Amino acid sequence: MRMTRARQAGLLALSAATIALAAELPRPFGPLPSERQLKWHALQFYGFIHFTVNTFTDKEWGYGDEAETVFAPTAFDANQIVRTAKETGMRGLVLTCKHHDGFCLWPSKFTEHSVKRSPWRDGKGDMVKEFSDACRKHGLKFGVYLSPWDRNHKDYATPEYITYYRNQLRELLTHYGEIFEMWFDGANGGDGYYGGAREKRKIDNRTYYDWDSTWKIVRELQPDACMFSDGGPDIRWVGNERGFAGETCWATMNREGLLPGHADPKLLVVGQRPGTHWLPAEVDVSIRPGWFYHEKEDAKVKTPEQLVKIYFESVGRGANLILNLPPDRRGLIHENDVKSLRDMRSILDATFKKNLARDAKLSASNVRGGDKQFNTSKLLDGKDTTCWCTDDDVTAPQLTLEWRKPVTFDVFKVAENVRLGQRVQEFALDVWRDGAWQEVVKATSIGPQRLLRFEPVTTTKARLRITSAPVCPALAEIGVFKQP
Ligand code: FUL
């Protein structure tokens, strides 16, 4: 049978329309991550280095009157520190270039209160440079912390100090290569040395720092750097320093009015849905009780099991983890800390060595447009840019995993394609036991990665149920693991 020209054209147009329809990703939902935030999400786990005069005076917050000569590490080695971080899975380091006491780890042009006057490297050293060079050598990202509060500076609380602060910020953002994260601390404790005044100085931390202008400097000098503070603008504090994100943790938040030192910890830990901005949480916690090294805490280093728990409750809840490793008076990471970190790494490596989902047959209750570019194979392709997604009206789909022989597992991993927003509200995992489906675990919020731990189960079938979502889900990856 011969087709008329018109019919032929009609068919062609129809199939083109079907292809165009099927090839379309779902429309994004809610606030979306920026490119710089996406790069930051990919890091997941990195280190914090707290090092200054406090290490030598045995304090947590220096008053600002410390003599520069106290800063005297005897065997400082940035490579030992960076190697330790790298070996244990960290992908970057953020250094306290200046903590609240005002002492600078680099020879700033704008003050003498720095390594210039210390015996370290005969006053000719630049610790920020040694750290940033070592990070680059070992393939780690480098970030900086510059405390807004300065208990040493005579001008603190006047407009002159803001100029000083911004000058220092410019030094750090121009002389040390690419910066992945700029850490703005919200602490402003009041009293200090302040050039000898030894008094209490109060500022209004909503207006004093004029954050909008300060943030502009960072954008201009380091456009790819994510800025951290209580309220972003790129990354939010998680609201506690104990090492956990909320059991429900949205990567979104209402950002209006949030500033360093100005946000409600109870909201920060959970985030807000849908929120006005993509503002993911960073979990900051120290491997020891304090942020700085104290010999008396040598026996209080967190155990490998505690660190693994922190990992699951931060990275496993869609946040990033910044784990503090305080160098000791030698200028090295103490042996106890190194041991705990290595053992944590071994546990995590053994846990994630084999993804049992790879041995399973995957089937879904719906695949968007029946199109193979959105099918379940995308859940195991190791890419966070692809996804299994469903038709627009299918917001509660199911995914089944079937094994030929029984498998035992106690960790479930799921990730969303966050380029399309944080879509899923609630989900559950079931396993087939005694001839019926039984729920093992349920949770809210997925985001860039969700890890759930539970008592080991042995089964031949598992099922992920998306139980609530305002739009069709778009899942990037899944995983099924057994802890050692
Ligand atoms: C806090 C500071 O006051 C601590 O000393 C530490 O630097 C921590 C990371 O942030 O706000």
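Start at 1 with the first residue, then count along the sequence. Note that the coordinates shown come from a computational prediction; the quantities given were computed from them, not determined experimentally. Remember, it's 1-based here, ligands and their atoms both numbered in the order they're listed.
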**OP:** State whether the shortest distance between N or O atoms of D185 and N or O atoms of ligand 1 falls below 3.5 angstrom.
**Re:** yes
Original post:
Is the shortest N/O to N/O distance between H100 and ligand 1 below 3.5 Å?
Top reply: yes
Subject >> More than 12 heavy atoms of other groups within 6.0 Å of K202 NZ >> reply: no
Original post:
With a 3.5 Å cut-off and no angle check, do the side chains of W250 and Q272 form a donor-acceptor pair?
Top reply: no
Original post:
Where the closest heavy atom to atom 5 (O) of ligand 1 is concerned, which of E60, H99, E241 has it?
Top reply: H99
**OP:** Using a 4.0 Å heavy-atom threshold (strictly under), name the region of W183 that reaches ligand 1: side chain, backbone, both or neither.
**Re:** side chain
**OP:** Can you sort out which atoms of ligand 1 are near H50, meaning under 4.0 Å from one of its heavy atoms?
**Re:** 6 (C), 7 (O), 9 (C)
Subject >> Residues E335, K339: salt bridge by 4.0 Å N-O rule >> reply: no
Subject >> Interfacing atoms of ligand 1 (cut-off 4.0 Å, heavy-atom, F48) >> reply: 9 (C)
**OP:** Flag the pair K39 and D224 as a salt bridge only when some basic side-chain nitrogen lies within less than 4.0 angstrom of an acidic carboxylate oxygen.
**Re:** yes
Original post:
Would R288 and D328 pass as an ion pair if we require N to O under 4.0 Å?
Top reply: no
Subject >> Ionic contact status for R198 with D65, cut-off 4.0 Å >> reply: yes
Subject >> Enumerated ligand 1 atoms positioned under 4.0 Å from heavy atoms of A187 >> reply: 3 (O), 11 (O)
